[in-house]
Amino acid sequence: AEPVTLHIGGTFPMESGSGGWAGGEACLPAVQMALEDVNNRLDILPGYVLNMTNHNSQCQPGLAMQQLYDFLYKPPTKLMLLTGCSPVTTVIAEAAPVWKLVVLSYGGSSPALSNRNRFPTLFRTHPSANMQNPTRYLSVRSLDYSSNLRIHIMEKFKWKRFTILMSVEEVFVTTAKDLEALARKKGIRVDRQSFYGDPTDAMKTLQRQDARIIVGLFYVTEARKVLCQAYHNGLYGRRYVWFFIGWYADTWYYPPPEEHLNCTAEQMAAAAEYHFTTESVMLSRDKVPAISDMTGMQFQERLTQHFQKDTANVGGFPEAPLAYDAVWALALAFNCTRNNLPPHIRLENFSYDNKVIADTLFQCVKNTSFRGVSGKVMFSDSGDRIARTQIEQMQGGKYKIMGYYDTTTGDLEWYNKEQWMNGRGPPPDSTVIKKH
Ligand SMILES: CC1(C)CO[C@@H](CC(=O)O)CN1
């Protein structure tokens, strides 16, 4: 018999009209590759074939609304929606429940998307931005995987005290609160210095308080100002350890002329040497193949064949594993739904008001758990991707991977490759607060 077609909708930001993320360039081919792979598998959705209608959202919410209307009011019925960047995911995931649709986002990083009240059927294979912005309904576990990891490293090096230096953007404020709560639980003392725009005064206070272990929570422009002042104030080297956010580009500390930093590239590099960063992992480095019989690296090589140009210039290339895995999550959820429906109801009976299928499908997505090319794919209660966090250290101007942190198990896989200015152990514990 002819296979029955199951339809889904997908939006892809093919170019960033207004400075959004043009991730569709790599993520659309990755999704198409996954659809082909899943449709070729006899053990997944036998008797069915997946078909996607896709639109170029240009990362524009308004355009995406028009496209959502098209998905919904032009037959055939869609069973699920894939979305890319955050602004588009926000509008589509807020509307989708009205049509009992689950939304799977491969590119939504905004912490605001963790709000289960606003986005009750949203799941993301893209990790929420490092700085989790816990919603009002903070889940019991710390949402900020990086916070857990930073505390883990403090304990590893027996640091009993650290200082948070932060810019007062809301997203950093919530992260700082998370970090302080975790530290308090572990008996680690935390001081906090805030600034907005100009870190000069906060840096002077760090010096007066003899801060040694400093966690920086700010965007990259502030990071360069902080680093240059750390150089001039001598807040770097043997007795100090800096933690920065892992988002920044590998050469973020080169001083751009237009920012008029009074530091040379050499001075910035000297101050940046040996700092740590934490970020979510998007490509599995496992040697064990994923459910698709490919390892993360093999997936990356296969996708690279699609492009003539250097993949460093292909929009969304780092996030492509997330898009590929989103289709597998969707296919496995359809498979699970098919196996859990009452006898008289079939997947192809899905309609925008069929509660039984919608609820079964939601539960199947919620219980997702498989090895993807982006790593283990599982979702938290708020639909967030539970991702591993990667720790790197700047050594000789290059970032080196120090290890991985698995939030679900709390395991820290450490490679013992960290280096220190004095060539020996980490800086002395700064608990003894000098009398001023
Ligand atoms: C790491 C980055 C670049 C964060 O923004 C995501 C896009 C978005 O959240 O709109 C894509 N991935």
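In this chain, numbering begins with 1 at the start of the sequence shown. In each ligand, atom 1 is the first atom listed, and ligand 1 is the first ligand listed.
Inclusion of G107 in the set of residues having an N or O under 3.5 Å from an N or O of ligand 1 is warranted. Below 3.5 Å of separation, one finds an N or O of E319 facing an N or O of ligand 1.
The only member of Y399, Y240, F243 that meets ring pair (Phe, Tyr, Trp, His ring centres under 6.0 Å) when paired with H275 is Y399.
Below 30°, between 30° and 60°, or above 60°: for F195 and F218 the angle between ring planes is between 30° and 60°, a tilted geometry.
For the atom pair L361 CG and T337 OG1, the distance stands at 4.0 Å (nearest 0.5 Å).
Side chains of L217 and L165 form no contact here, defined as non-hydrogen atoms less than 4.5 Å apart.
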Inset, instruction - Begin with the C-alpha distance, continue with both residues' side-chain angles, and end with the deciding distance and a verdict on salt bridge (charged side-chain N to carboxylate O under 4.0 Å, His left out) for E413 and R388. - result: CA-CA 11 Å; E413 195 184 313; R388 283 173 20 127; 3.5 Å; yes
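In this structure, G23 falls outside the shell of residues with a heavy atom less than 4.0 angstrom from ligand 1.
With respect to atom 4 (C) of ligand 1, the closest heavy atom belonging to the protein is S109 OG, 3.5 Å. Among protein heavy atoms, the minimum distance from atom 10 (O) of ligand 1 is reached at S86 N, 2.8 Å.
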